[in-house]
Amino acid sequence: MATSVWRRLVACFSSLKFYLTVLCLVATVFVLLQICSFQITQHSLSLPPALLTYLKHQPEQQSENKTAYLVEKLRESVTFLPLKDIRFSNKPLEGHTWFMSSLFDNQAKGEAQYQDFPSDSSKGRLFCLKGVDEHDGSWNYYALAWPEALPTNAILQKGLTFVSYNQYDYGNLWHGLTAAFPFVSWSLRNQCEKPQKWVLYHKGELRYWMGNWLSEILTATYGQEPEIIHFVDVNKPVCFEKAVVMRHNEGGMSRERRLEVFDHLRCKARNYCNISSPETSKPRIGMTLLMRTGARSFKNESAVINVFKRECERVEGCVLSVSYSNNLTFCEQVELMKKTDVLVSPHGAQLTNLFLMDINSSVMEFFPKGWLKLAGVGQLVYNWGANWSGMRHEGAWHDPFGETCKFPDTDKRCMSLVYKNAMIGYNETYFGEWARLVLSKVPEHNKGNGSLDVCPQC
């Protein structure tokens, strides 16, 4: 029995010794391997340099490849939509308009509605345009794109670009001014920032020019001629580093803000044309007949001139001027308006100049037959313009006589066929009494008119 126990103990110790021996061998091999590994790391020249570089940058290259892949996917995801959405052709100016219909406007208190890019509303994306069509706005396109993933072949336009939408045109003084007006307001609110470029659209169709009068007023305002971008390749979109889009003209602006902008435009125009206030102690009233030729001109100009000349001569210090706007340069118009206290003129684009008079000056407006019934709110624009710029619209005379329309006088066809471009008659008695009344109020209105001769700094 004792012998059996002893044998078992010897076997156990022999087995334990064996296990310890194996364990020591394993530990020794492990230590040797670690030393070898450390020496290889210390003497890296034992591996090819190219292989070491590859192993070192492999995770970084994988990350770069993934980023490039995502950027390419973002680039491919840029979607261009038609500038003119024909689904809203029956109400092109309502809501957010048929121009860029998928986007909504921003609006600060008292300001016009606008869009700016990049911005929080665009989530930092840039504004891009594509297309060269001058006849159908549905063939011109817009999109938003991340700065790091611009569309293929895109050109990046540096600086600030003003993008204007106008339902009418840029040649007519009034339509052009009301399209540019909100941009001037935006600049005043943004440290007088100047645009490097302009993009002009009429119903989504590209326009590459603006009337000389509008170009001059913008040159006076910004100190540089407006430069209009020309799109020449339908396959090369243009993306803008910074863009401001206006598509509602001056709509939404408060009267106080309009007065401020008109003050600025008036002051800038006078400085641009080197026109200062004449210093004189003699009371003076300037009455100007700003005449038209052709459509909506007076049938008997000499008779009309004689009526106002007679009434002006009855007022001490009154001086009558008779001018034709189509014969005057921009600066000649600015100078004439500076000397005018009472502006007498038929309805037409030349009346846009009224804001260039001193504040509280008066406007007398004349219409052909048919306008009162058929012209709609369009006949009120210079009444509004006078109010917005601090002038006094003294009413309008509508000629009760004129060419007869073959349709009923309430038929809208009469407006386009007969009345729109008709000539204007006169009523000597009415004109005389009206002129007398307006002239009698001028001295009172001229007291402290408040027009600026030194433009405020931004």
Side-chain angles (χ1 to χ4, degrees), residues 74-89 92 96-103 105 114-119 122 125-172 175-176 179-180 182-183 186-187 193-212 214-215 218-219 222 224-249:
L74 284 173
R75 192 188 316 279
E76 293 173 357
S77 70
V78 174
T79 303
F80 280 90
L81 301 174
L83 275 172
K84 185 170 76 172
D85 190 338
I86 58 176
R87 296 177 301 170
F88 302 102
S89 59
H96 47 90
T97 80
W98 67 348
F99 183 80
M100 295 168 51
S101 63
S102 70
L103 300 178
D105 296 294
Y114 70 97
Q115 296 177 40
D116 60 334
F117 306 93
S119 61
S122 74
R125 290 172 292 177
L126 304 186
F127 182 62
C128 302
L129 291 169
K130 183 174 73 170
V132 297
D133 207 291
E134 300 177 47
H135 305 287
D136 186 351
S138 62
W139 289 98
N140 294 321
Y141 304 91
Y142 70 101
L144 300 182
W146 301 104
E148 302 82 3
L150 298 181
T152 303
N153 297 327
I155 299 169
L156 180 63
Q157 175 61 53
K158 295 288 188 177
L160 172 64
T161 300
F162 283 165
V163 180
S164 172
Y165 167 79
N166 193 342
Q167 183 69 8
Y168 303 99
D169 62 75
Y170 298 93
N172 178 281
H175 296 320
F183 289 105
W186 183 92
S187 291
E193 190 171 358
K194 301 177 181 180
Q196 277 68 53
K197 303 283 186 178
W198 290 75
V199 178
L200 306 181
Y201 285 105
H202 165 64
K203 298 182 178 179
E205 304 158 8
L206 281 163
R207 293 294 181 264
Y208 294 128
W209 71 280
M210 60 176 64
N212 182 70
L214 179 59
S215 179
L218 290 175
T219 301
Y222 288 109
Q224 60 191 32
E225 292 185 18
E227 186 174 345
I228 301 170
I229 292 179
H230 285 244
F231 293 80
V232 295
D233 191 337
V234 69
N235 295 314
K236 288 187 176 180
V238 178
C239 298
F240 303 93
E241 182 179 36
K242 185 175 183 179
V244 174
V245 180
M246 300 285 183
R247 54 182 181 172
H248 294 280
N249 291 1

Below 3.5 Å, can you tabulate the donor-acceptor pairs from side chains in residues 136-144 to any protein atom, sequence neighbours excluded?
unit_1 : atom_1 : unit_2 : atom_2 : d
Asp136 : OD1    : Ser138 : N      : 3.0
Asp136 : OD1    : Ser138 : OG     : 2.7
Asp136 : OD2    : Ser138 : OG     : 3.1
Asn140 : OD1    : Val132 : N      : 3.2
Asn140 : OD1    : Asp133 : N      : 2.9
Asn140 : ND2    : Asp133 : O      : 2.8
Asn140 : ND2    : Gly204 : O      : 2.9
Tyr142 : OH     : Ser102 : N      : 3.3
Tyr142 : OH     : Ser102 : OG     : 2.6

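Put simply, the side chain of Gln157 never gets that close to the backbone of Cys128: no donor and acceptor are under 3.5 Å apart. A donor-acceptor contact shorter than 3.5 Å is absent between the side chain of Ser122 and the backbone of Pro118.
Every residue was checked against the salt bridge (charged side-chain N to carboxylate O under 4.0 Å, His left out) condition with Lys203, not counting sequence neighbours, and none meets it. The side chain to side chain donor-acceptor pair (under 3.5 Å) search around Glu193 returns Lys242, not counting sequence neighbours.
Between Asn249 and Pro182, the shortest heavy-atom distance links the atoms O-CG, 3.2 Å.
Asn172 CG to Met210 CE: the interatomic distance, rounded to the nearest 0.5 Å, is 13.5 Å. How far OG1 of Thr152 is from CG of Asn235: 11.0 Å, rounded to the nearest 0.5 Å. For the atom pair NZ of Lys197 and CG of Leu160, the computed distance is 12.5 Å after rounding to the nearest 0.5 Å.
In Leu74, the CG atom is crowded: over 12 heavy atoms of neighbouring residues, nucleotides or ligands sit closer than 6.0 Å.
Side-chain contact of Asp105 with His248: a donor-acceptor pair under 3.5 Å is present, judged by distance alone. Between the side chains of Tyr170 and Trp198, no donor-acceptor pair of N or O atoms lies under 3.5 Å.
Ring pair Tyr201/Phe99 is tilted by interplanar angle, where 30° to 60° counts as tilted. Taking the six-membered ring where tryptophan is involved, the planes of Phe127 and Phe117 are essentially parallel, since the angle between them stays under 30° and well short of 60°. Ring pair His230/Tyr208 is parallel by interplanar angle, where below 30° counts as parallel and above 60° as perpendicular.
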